[in-house]
Amino acid sequence: QVQLVESGGGLVQAGGSLRLSCAVSGSIGSLDALGWYRQAPGKQRELVASMTSDVTTNYADSVKGRFTISTNNDRNTVYLQMNSLKPEDTAVYYCNVRARAWLLARPNDYWGQGTQVTVSS
């Protein structure tokens, strides 16, 4: 069973920084991608940042130049460094792992419980 646990959220002032961490445990099989999503009240979940197995990264336009996704060498921890935070970044942030049990299997998405990030003006 794959488990994801986020940490590092909190309340910060606009312009501040936070570093989110996601601890990944269990067998992930064949990894497709790691990512961070967020969901604000009344809004749909959106992709913030992702990293594919070849370490290609992708960012939402709204966070480019401010956020950075990374992993440790064993890929059992996923980080999201958030700088120059804005009130519009306020949301619950979710860690995501997309993986398949074996190479030709259908991919599965695994999610953490989320961590609240609140940015005050």
A.B. asks: Would you kindly confirm whether Met51 and Tyr94 end up in one hydrophobic cluster when ILVMFWY residues are joined by side chain heavy atoms under 4.5 Å apart?
C.D. replies: no
A.B. asks: Measure the CZ-OG distance between Arg75 and Ser70 for me, rounded to the nearest 0.5 Å.
C.D. replies: 11.5 Å
A.B. asks: For residues Tyr59 and Ile69, determine if any side-chain heavy atom of one lies less than 4.5 Å from a side-chain heavy atom of the other.
C.D. replies: yes
A.B. asks: With a sphere of 6.0 Å drawn around CG of Asn73, does it hold more than 12 non-hydrogen atoms of other residues, nucleotides or ligands?
C.D. replies: no
A.B. asks: Looking only at heavy atoms, which two atoms of Pro87 and Ala14 are closest? And how far apart?
C.D. replies: CD-CB, 4.1 Å
A.B. asks: Identify which one of Thr52, Asn108, Asp32, Asp109 satisfies the side chain to side chain donor-acceptor pair (under 3.5 Å) criterion when paired with Arg98.
C.D. replies: Asp109
A.B. asks: Show every side-chain hydrogen bond (donor to acceptor under 3.5 Å, both in side chains) that has at least one partner inside residues 39-50, sequence neighbours left out.
C.D. replies: Arg38-Glu46
A.B. asks: Calculate, to the nearest 0.5 Å, the distance between atoms CZ and CG belonging to Arg100 and Leu31 respectively.
C.D. replies: 10.0 Å
A.B. asks: Measuring from atom CG of Leu4 to atom OG of Ser25, what distance do you get when rounded to the nearest 0.5 angstrom?
C.D. replies: 7.5 Å
A.B. asks: Using a 3.5 Å distance criterion without hydrogens, assess whether the side chain of Glu6 forms a donor-acceptor pair with backbone atoms of Cys22.
C.D. replies: no
A.B. asks: Looking at CZ of Phe67 and CG of Leu85, how far apart are the two atoms once the value is rounded to the nearest 0.5 Å?
C.D. replies: 5.0 Å
A.B. asks: Using the rule that Ile, Leu, Val, Met, Phe, Trp and Tyr join whenever any side-chain heavy atoms are under 4.5 Å apart, tell me whether Tyr79 and Val117 fall into a single cluster.
C.D. replies: no
A.B. asks: Side chains of Arg66 and Asp89: does their closest heavy-atom pair fall under 4.5 Å?
C.D. replies: yes
A.B. asks: Say you draw a straight line from OG1 of Thr90 to CD of Gln116; how long is it, rounded to the nearest 0.5 Å?
C.D. replies: 7.0 Å
A.B. asks: Taking Leu34 as the starting point, is it possible to reach Leu103 by hopping between hydrophobic residues whose side chains are less than 4.5 Å apart?
C.D. replies: no
A.B. asks: Do you reckon Val55 sits in the same ILVMFWY cluster as Val24, going by side-chain contacts under 4.5 Å, direct or chained?
C.D. replies: yes
A.B. asks: Would the distance check show the side chain of Ser30 and the main-chain N or O of Trp102 forming a donor-acceptor pair, the cut-off being under 3.5 Å?
C.D. replies: no
A.B. asks: Identify, with sequence neighbours excluded, every residue that meets side-chain hydrogen bond (donor to acceptor under 3.5 Å, both in side chains) alongside Asn83.
C.D. replies: Ser17, Gln81
A.B. asks: Is there a continuous path of hydrophobic side-chain contacts, each under 4.5 Å between heavy atoms, that joins Tyr37 to Leu80?
C.D. replies: no
A.B. asks: Could you pull out the closest heavy-atom pair between Ala40 and Ala91, with the gap in Å?
C.D. replies: N-CB, 3.9 Å
A.B. asks: Rounded to the nearest 0.5 Å, how far does CD of Gln13 lie from OG of Ser121?
C.D. replies: 9.5 Å
A.B. asks: Would you say that Cys95 contacts Trp111 through its side chain, given a criterion of any heavy-atom pair below 4.5 Å between the two side chains?
C.D. replies: no
